[in-house]
Each structure stands twice: as structure tokens, then as C-alpha cells.
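This report refers to the structure that appears directly beneath it.
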Amino acid sequence: IFRNNFDTNPSDWYIFTATGNKPWTWSAIYSAMVANGYAGNAPCDTWLISPGLDLTSVTNPVLTFKTWTQFTDSGLANPLEVKISTDYSGTGDPSAGTWSTLQCTLPPANSMVMTSSGDINLAAFHQKVYIGFRYRSSGVMSSTASKWEVDSFKLTGKKN
């Protein structure tokens, strides 16, 4: 239904940074989207938001992606959260929408292992959705900011 391996900088994804000066960026070296609050001007809160994904006529939609992390943020148990919204507008402050956390597999802190999310069943959603990767750091120095990468974003299913 939709795929982005981030081989190029994705112009159809939306980045919103609520705090700090370290937004999500595309890495040509890793062909992935990267968030890292280290050496920023304030603790980071930045979102990477997919384009709208229309699940209206999709049977058995399943989301998968891969994540990788390095370093540990001792101030946050979950520096990366994966969210879904059915009422976000597609641009602007994500707090204007309602977001639910998606249950998925993420790598342990500082593991440096590309980890599959596992199959995330989106069958409960029969409308346009947005997937948001929310990265936060508790600070800007060692032990208060971790690095995260998102890659191989894929939505499968059967179009009716």
C-alpha cells in the first residue's frame, strides 16, 4: 500500500519540532531518518509524521518498520514513541490531533541493532491515518540524549 525505505530525503513526510533545535533529519550515509538531541540548545521534542495513509478500502493493513538506537537517555524510559492519529491535519503542531501509542518492538537503549517493529495490525482503522515517530531527549549532553534511526517503513494489506 505504501513504502518508504528513505533512500532519498522524503519530501512527503512532515517534521515538527516543538522544543530544541535538533529536528529529524535524513541521513544519506545511512539512508534513514535520524533524531538526536545531543548538543542541541534545549531538550528535544520532535516529530516525524508520515503522509496520510488511506485505509478506507484496505483489508488487513499491517505496518512494519525498523529502528536503531545508540546511547542512553537516563532521563527518559521511552525516548521514541510510535503514534497513530485519525484526526491530525497532516501539517502543524501534532498536539492539535489525538494520538494513540502503537505497540511495537523497539531496540533496547544503546543496542546499535537494527530492530524490526514486528507486525502492527491496523485493521481497527478504516479511515485516513497518520503515523508519528515522536523523539524526545531529557537534555542535550551525554546520558541525556540518545540517537534514533527509522528505516524500511512499509504498510501492506489488500485494497478492496
Side-chain angles (χ1 to χ4, degrees), residues 3-51 53 62-122 124-125 129-155:
R3 168 178 287 188
N4 196 324
N5 290 326
F6 301 111
D7 294 333
T8 59
N9 193 354
S11 61
D12 57 345
W13 287 64
Y14 185 71
I15 296 169
F16 181 86
T17 303
T19 60
N21 65 339
K22 302 285 279 194
W24 283 92
T25 57
W26 177 70
S27 168
I29 296 168
Y30 301 112
S31 293
M33 294 303 292
V34 179
N36 185 354
Y38 184 77
N41 66 350
C44 193
D45 185 355
T46 184
W47 289 72
L48 172 66
I49 302 172
S50 74
L53 306 169
V62 174
L63 174 65
T64 59
F65 53 85
K66 293 181 180 177
T67 50
W68 179 96
T69 186
Q70 183 180 20
F71 309 116
T72 301
D73 188 328
S74 59
L76 287 172
N78 299 306
L80 184 73
E81 295 175 297
V82 185
K83 307 268 194 180
I84 188 168
S85 177
T86 58
D87 64 358
Y88 179 62
S89 69
T91 60
D93 190 338
S95 68
T98 305
W99 295 86
S100 300
T101 301
L102 291 172
Q103 298 306 309
C104 60
T105 301
L106 297 174
N110 203 28
S111 61
M112 295 186 287
V113 174
M114 190 60 81
T115 302
S116 173
S117 61
D119 290 351
I120 303 165
N121 184 338
L122 300 181
F125 301 93
V129 299
Y130 293 88
I131 307 298
F133 294 89
R134 183 183 187 191
Y135 166 81
R136 295 177 299 146
S137 69
S138 63
V140 298
M141 303 305 291
S142 295
S143 302
T144 63
S146 54
K147 176 182 177 183
W148 283 82
E149 295 180 9
V150 173
D151 199 5
S152 304
F153 184 94
K154 182 170 67 170
L155 178 65

Q: Apply ring-ring contact (aromatic ring centres under 6.0 Å, His included) to Phe6 and list each qualifying residue two or more places apart in sequence or on a separate chain.
A: Trp13
(Q) Quick check: do Arg136 and Pro79 have side-chain heavy atoms less than 4.5 Å from each other? (A) no
Q: Using ring-ring contact (aromatic ring centres under 6.0 Å, His included) as the criterion, point out the one residue from Phe125, Tyr88, Trp99 that pairs with Tyr130.
A: Tyr88
Q: Kindly state each residue pair satisfying side-chain hydrogen bond (donor to acceptor under 3.5 Å, both in side chains) with at least one member in residues 23-50, sequence neighbours excluded.
A: Thr17-Thr46, Asp45-Arg134
Q) In chain order, what residues pass the side chain to side chain contact (heavy atoms under 4.5 Å, CB included) check against Thr91, with sequence neighbours excluded? A) Tyr14, Ser89
**Q.** Step-by-step side chain to side chain contact (heavy atoms under 4.5 Å, CB included) determination, Ile15 to Ile49
**A.** CA-CA 6 Å; Ile15 296 169; Ile49 302 172; over 6 Å; no
Q) What salt bridge (charged side-chain N to carboxylate O under 4.0 Å, His left out) pairs are there with at least one residue in residues 5-15, not counting sequence neighbours? A) none
Q) To the nearest 0.5 Å, how far apart are CD in Glu149 and CE in Met112? A) 11.5 Å
Q: Apply the test side chain to side chain contact (heavy atoms under 4.5 Å, CB included) to residues Phe65 and Ile120: give CA-CA distance (whole Å), side-chain angles for both, the deciding distance (0.1 Å), then the verdict.
A: CA-CA 9 Å; Phe65 53 85; Ile120 303 165; 3.5 Å; yes
**Q.** Ile131/Leu63 under side chain to side chain contact (heavy atoms under 4.5 Å, CB included): CA gap, chis, key distance, verdict
**A.** CA-CA 10 Å; Ile131 307 298; Leu63 174 65; 4.0 Å; yes
Q: Output all residues satisfying side-chain hydrogen bond (donor to acceptor under 3.5 Å, both in side chains) with Ser152, sequence neighbours left out; order by chain, then residue number.
A: none
Q: May I ask you to test the Leu80-Leu106 pair for a side-chain heavy-atom distance under 4.5 Å?
A: yes
Q) Which pairs with one or both residues in residues 63-83 pass side-chain hydrogen bond (donor to acceptor under 3.5 Å, both in side chains), sequence neighbours excluded? A) Thr69-Trp148, Asp73-Ser138, Lys83-Thr101
Q. Under a 4.5 Å cut-off applied to non-hydrogen side-chain atoms, are Asp151 and Met33 in contact?
A. no
